[in-house]
Amino acid sequence: MSRPAPDVAQLREIAVTVALAAGELISAGRPNQVEVAATKSSPTDVVTAMDTASEQLLRTELARLRPEDAFLGEEGGYEPGRSGLTWVVDPIDGTVNYLYGLRAYAVSVAVVLDEESPERPDPATWTVLAGAVVDPSQSETWTAARGLGATLTDSRGTRRLTTSAGPRLGQALVATGFGYDAGRRAEQAAVVARLLPRVRDLRRVGTASLDLCSVAAGRVDAYYERGLNPWDFAAGLLVATEAGAAVTDFDGGPAGSHGLLAAGSDLHEHLRKALGNDEA
Ligand code: LIP
């Protein structure tokens with residue numbers, strides 16, 4: 001028996017509600033001196049007590065509001081469900097910024113459907129249905145629902161987001177990011193050395209979800225990064241695509257940990273070629 005179509009507007013409201021609650025927790029609850037509670041993939045890949053507390057709040061609230069759904073969180077991993085839907089959350093995206101007291105960090109909450117690998121939602125086969133990215137230090141809330149567009153809510157109200165096709169490569173302001181592994185950073189530095197002379201400038205904000213939302217709002221013309229985890233980009237990817245940006249890997253396929261490039265349609269093609277070494 002086929003499942004009823006998910007109500008993406010209702011899922012978006014749930015994403016916003018729980019992300020705002022976690023945003024309030026991590027901003028109001030940020031200690032003056034944030035301690036490193038543990039490290040993960042490398043000595044610079046850190047977890048704080050607030051990452052864990054934020055994820056626990058999200059897990060509890062989503063289990064209460066959507067008891068049939070599965071959950072995939074950066075800190076606590078996967079919890080199965082029965083509905084076929086999975087919430088993919090990053091309790092604090094930009095943890096290093098949060099640790100240092102820099103203002104670019106966010107809570108990212110998305111819900112995905114992956115009929116091909118329901119047990120382990122895969123960006124290559126998943127459909128992001130709805131999402132929210134909450135930036136507590138800027139009091140900004142970014143939302144999107146599949147087919148219903150993307151919005152930004154701040155102190156001035158709520159506005160719909162639409163991206164342009166983008167400037168030519170030489171005029172493009174491009175955001176990017178670097179991994180926690182030194183070897184990967186060396187590779188990424190080589191790409192930056194090749195790309196920097198060919199664009200307006202680069203920006204390194206440190207928070208993939210906010211970088212993707214910045215593409216949606218035209219605060220940067222493009223964003224690319226290799227090595228992201230699904231929870232870093234799930235919600236931001238839908239905000240960018242619902243605003244009209246193209247978001248793929250460096251070969252034009254589904255975006256994923258192997259590569260993510262977001263930009264207006266024209267710029268996307270030029271940047272993809274540059275990143276894809278097509279002209280090397
Ligand atoms: C971060 C990403 C960022 C990337 C960092 C890290 P985290 O996620 O948002 O784009 O450059 O290496 O992966 O670890 O703060 O959730």
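Each ligand, and each atom within it, is numbered from 1 in the order the structure gives.
Checked by atom type, the side-chain pair Thr143/Thr151 shows a donor-acceptor distance below 3.5 Å. Side-chain contact, Ser209 with Asp93: a donor N or O sits under 3.5 Å from an acceptor N or O. For the residue pair Asp135 and Ser137, a side-chain donor N or O sits within less than 3.5 Å of a side-chain acceptor on the partner. Side-chain N/O atoms of Asp211 and Ser214 include no donor and acceptor closer than 3.5 Å.
Close approach of ligand 1 to Glu74 (heavy-atom distance below 4.0 Å) involves ligand atoms 14 (O), 16 (O). Against a heavy-atom cut-off of under 4.0 Å, Leu228 is close to the following atoms of ligand 1: 10 (O). Listed by number with element, the atoms of ligand 1 under 4.0 Å from a non-hydrogen atom of Thr207 are 9 (O). Per-residue contacts place Tyr223 under 4.0 angstrom from the following atoms of ligand 1 (heavy atoms of the residue considered): 10 (O). With ligand atoms numbered from 1 in the order given, ligand 1 contributes 16 (O) to contacts under 4.0 Å with heavy atoms of Ile92.
At least one donor-acceptor pair under 3.5 Å links the side chain of Glu55 to the backbone N or O of Glu75.
Atom 12 (O) of ligand 1 has as its closest protein heavy atom Phe178 O, 2.8 Å. When hydrogens are left out, the protein atom nearest atom 3 (C) of ligand 1 is Gly206 O, 3.7 Å; that is the closest non-hydrogen contact. For atom 15 (O) of ligand 1, the nearest protein heavy atom (residue, atom name, distance) is Gly94 N, 2.8 Å. Atom 14 (O) of ligand 1 has Tyr180 OH, 2.7 Å as its closest protein atom, hydrogens excluded (heavy atom only). Looking from atom 2 (C) of ligand 1 to the surrounding protein, the closest heavy atom is Asp93 OD1, 3.6 Å. Counting protein heavy atoms only, atom 16 (O) of ligand 1 is closest to Asp90 OD2, 3.0 Å. Taking atom 4 (C) of ligand 1 as the reference point, the nearest protein heavy-atom neighbour is Glu225 OE2, 3.1 Å.
By the 6.0 Å and 45° rule, Arg30 stacks over the aromatic ring of Tyr98.
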Residue pair His270, Arg168: steps toward the side chain to side chain contact (heavy atoms under 4.5 Å, CB included) verdict: CA-CA 8 Å; His270 295 295; Arg168 60 184 180 77; over 6 Å; no
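When heavy-atom distances to ligand 1 are checked against a 4.0 Å cut-off, Arg185 has no atom that comes that close, whether in backbone or side chain.
The pair Arg120-Asp122 does not count as a salt bridge, with every side-chain nitrogen at least 4.0 angstrom from each carboxylate oxygen.
At a 3.5 angstrom cut-off on N or O pairs, Ala208 counts as close to ligand 1.
Applying the 6.0 Å contact sphere to CD of Glu115 captures no more than 12 heavy atoms from other residues, nucleotides or ligands.
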